[in-house]
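Counting convention: from 1, in listed order, for ligands and their atoms alike. In this text the structure is predicted, and so the values were computed from the model without any measurement.
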Amino acid sequence: MPRVNQRVAQSPEASRPPPNLILVGFMGTGKTTLGRHLAQRWRRRFIDSDQEIERLARMKIPEIFAQKGEAEFRRLEREWVENHMPAGGCVIATGGGLVVPEGMSELLKSKGVVVCLFATPETVFRRTSGSTHRPLLQTENPLERIRTLLAAREPAYLRSGIAVLTDGRNLPDLSAAVERVYFRAVRNRRPRASRAGQPKA
Ligand code: S3P
């Protein structure tokens, strides 16, 4: 009797990696903490776009901003998303401004399920105060900078993906909320035929 080749017997849908979870949102909204937690829980690879950019540029982020400017940093972010971001199977935390430039939101949506984390300026201030690796917050009045930048970026964040509020939520609570929205989005992305016969959630 011929041996059944499992790979051949599987549908292409079943052998494809699950869609990436892509976390976007302002600095200090907890993308990295949550991303690491979910990656560990789902046994997926965790990727931090800031670290990837630093590897690509062979420079730390404050050095890129100081020596090459913010525009070059944004160019590197786009290059990384276009050419280096894995097509699936990962949990990805992105730098706070990555999704903002024209076209980036659409590009990210083509690469996974995008969840945007939100927090008030006061919460962001509390979570980021003391950090020296964020060049955009190295000013005399970081809270004012956070307010202005967040207000300017808010429309882009609202358009970018599924919005999740993080204020007053602990990690287990936030993780459960994001897990729910991610798996609901994954179910809704699947073509109708491959959903046939599956129980409705
Ligand atoms: C930035 C956010 C940072 C980092 C860079 C610029 C931004 O990432 O990419 O300092 O423009 O909001 P985090 O959101 O991880 O702090």
Legend entry - Pairing residues for Arg55 by the salt bridge (charged side-chain N to carboxylate O under 4.0 Å, His left out) criterion, not counting sequence neighbours: Glu52
Inset, instruction - Only counting residues at least two apart or in another chain, list the ones meeting salt bridge (charged side-chain N to carboxylate O under 4.0 Å, His left out) with Arg169. - result: Asp173
Using a heavy-atom cut-off of under 4.0 Å, does the side chain or the backbone of [X] touch ligand 1, or both, or neither?
X	result
Gln138	neither
Thr29	neither
Arg127	neither

Atoms of ligand 1 less than 4.0 Å from [X] heavy atoms?
X	answer
Leu136	7 (C), 11 (O)
Lys31	13 (P), 14 (O), 15 (O)
Pro135	10 (O)
Asp50	3 (C), 4 (C), 8 (O), 9 (O), 13 (P), 15 (O)

Inset, instruction - Please write down residue, atom name and distance for the protein heavy atom closest to atom 12 (O) of ligand 1. - result: Arg153 NH1, 2.8 Å
Inset, instruction - Take every heavy atom of Glu70, measure it against each atom of ligand 1, and state whether any distance is under 4.0 Å. - result: no
Inset, instruction - Please verify whether a non-hydrogen atom of Arg74 lies at under 4.0 Å from ligand 1. - result: yes
Inset, instruction - Answer yes if Val115 and Leu108 sit in the same cluster of Ile, Leu, Val, Met, Phe, Trp and Tyr residues linked by side chain heavy atoms under 4.5 Å apart, and no otherwise. - result: no
Legend entry - Short N-O contact, Glu106 and Lys109, less than 4.0 angstrom: no
Legend entry - Check ion pair Glu82-Lys111 (N to O, under 4.0 angstrom): no
Any nitrogen or oxygen of [X] lying under 3.5 Å from a nitrogen or oxygen in ligand 1? Just yes or no.
X	value
Ile61	no
Arg134	yes
Gly25	no

Inset, instruction - On the 0 to 90° scale, with breaks at 30° and 60°, tag the Phe73-Phe65 ring pair as parallel, tilted or perpendicular. - result: tilted
Inset, instruction - Flag the pair Glu144 / Thr139 as yes when at least one side-chain heavy-atom distance between them is below 4.5 Å, and no otherwise. - result: no
Legend entry - Member of Ile146, Thr166, Leu149 meeting the side-chain contact (heavy atoms from CB on, under 4.5 Å) criterion with Val124: Ile146
